[in-house]
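These notes are about the structure you will find just below.
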Amino acid sequence: MSQNSKEKGKISWQSPSNIALIKYWGKHGNQLSCNPSLSMSLNSSVTITSLSYNYKDKDKNIDLEFLFDGKRTPLFEKRIGNYLNNLLKEYPFLAEYHLIIDSSNTFPHSSGIASSASAFSALALCIMSLKKICLRDMDQKEFFQEASNLARLGSGSASRSVYGGYTIWGKVEGARSYSDEYACPLKSAIHPVFQTFYDAILIVSGENKKVGSSAGHSLMEKHPYAKSRYQQAMNHTMEMLHVLETGDLDRFIKIVENEALTLHGLMMSSDPGYILIKSETIEIIERIRKYRQTQKIPVTFTLDAGPNVHILYPESYRKEVIKFIEDELVELCDEGQWIDDSIGRGPQMLNIQ
Ligand code: PMV
């Protein structure tokens, strides 16, 4: 145990899920993305993780108990154990402690919402806090950059969850400040209309996905459209930076919907192709587009790697959009479930003992 280290303690972080406006789909090397992605961090869909550490002795192995909602979960324990083992070379202090990780989500377990972004970002932040205790202090910028890099190694999209607001992961042509290794908060000013954006998550199905995102990313390796897709994502990212600065809602809607449908188009045109959306997903999309056209309200949708629909809209239309969801869309949701979320401020340290 190093001089500054503590014998035991507990660190807790809360970290959000995020919704990608420009999608990460296709990776290479050690969890590097083939294109830049850009997301909005959420406010209420979060994971809360605590890391308890108790000095055991210096040996070479990770000694971990992983609990989800207070219950031991061998499947997650194995995945997190592997993740921590892969970090040992750079974070040897992890093997000096008996570790208990206890994690829970604020969103319902059966909602079909991917929790890997919030889960790995919360865990990465706990590891970084332990690093500060065991090895050395560091400034905020370095702390969050390294946390983002660590989160990325667990799940690519998690790299973007260590910041609030809008976040970019991956180098962008003509913008020197972004990186492939870690995500960064957007450097440019955000137009007021996008500063208070909402995301209503319509739960179409809470079932587990037939094809997970790791398998989906792999199918991009031999995808006939891969090259043009990566260029399209680059162009969309550059344009989205401008859109978020100028408040151009029309262009925002066009890019966001194109990204969502492209993601699912890529899945369908993979070999083997597969379909994650359901008939209700399509019906919801049709109704959103009709509502936008008839009511002249700038509401749009995006999709994750699943059938649920994220409805994105500006705060000034909140009353109207909630009414629209309740009157016309809830009937298409699984048990009427939807989550009323919005842009969030990013992770929060809850406790350090
Ligand atoms: O982070 P992963 O490996 O679960 O991939 C996430 C991919 C999408 O959610 C579909 C898109 C994205 O950029 O978040």
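Since the structure is predicted, the reported quantities are computational estimates derived from the model, not experimental observations. When a residue number appears, it is its place in the shown sequence, counting from 1. Whatever order the structure lists ligands and atoms in, that order sets their numbers, starting from 1. Only heavy atoms go into these numbers, but all of them, side chains included; no hydrogens, no water, no symmetry mates.
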(request) Consider ligand 1: state whether an atom of it lies below 4.0 angstrom from any non-hydrogen atom of R160. (result) yes
(request) On the 0 to 90° scale, with breaks at 30° and 60°, tag the Y53-Y97 ring pair as parallel, tilted or perpendicular. (result) perpendicular
(request) For the pair F194 and F197, name the ring-plane relationship: parallel under 30°, tilted 30 to 60°, perpendicular over 60°. (result) tilted
(request) Answer with yes or no after comparing the ring centroid distance for Y24 and H217 against a 6.0 Å cut-off, counting only values under it. (result) yes
(message) Below the 3.5 angstrom mark, is there an N/O of S155, backbone or side chain, next to an N/O of ligand 1?
(response) yes
(request) Output yes when the distance from some N or O of ligand 1 to some N or O of W25 is under 3.5 Å, and no in every other case. (result) no
Under 4.0 Å from a heavy atom of [X]: give me the atoms of ligand 1 that qualify, with their elements.
| X | value |
| --- | --- |
| D304 | 9 (O) |
| G156 | 1 (O) |
| A20 | 12 (C), 13 (O), 14 (O) |

Should [X] and [Y] count as side-chain neighbours, where that means a heavy-atom distance under 4.5 Å?
| X | Y | value |
| --- | --- | --- |
| C184 | Y178 | yes |
| F66 | L99 | no |
| N35 | M234 | no |

(request) Could you tell me whether S213 approaches ligand 1 through its side chain, its backbone, both or neither, with non-hydrogen atoms closer than 4.0 Å? (result) side chain
(request) Using a 4.0 Å heavy-atom threshold (strictly under), name the region of H217 that reaches ligand 1: side chain, backbone, both or neither. (result) side chain
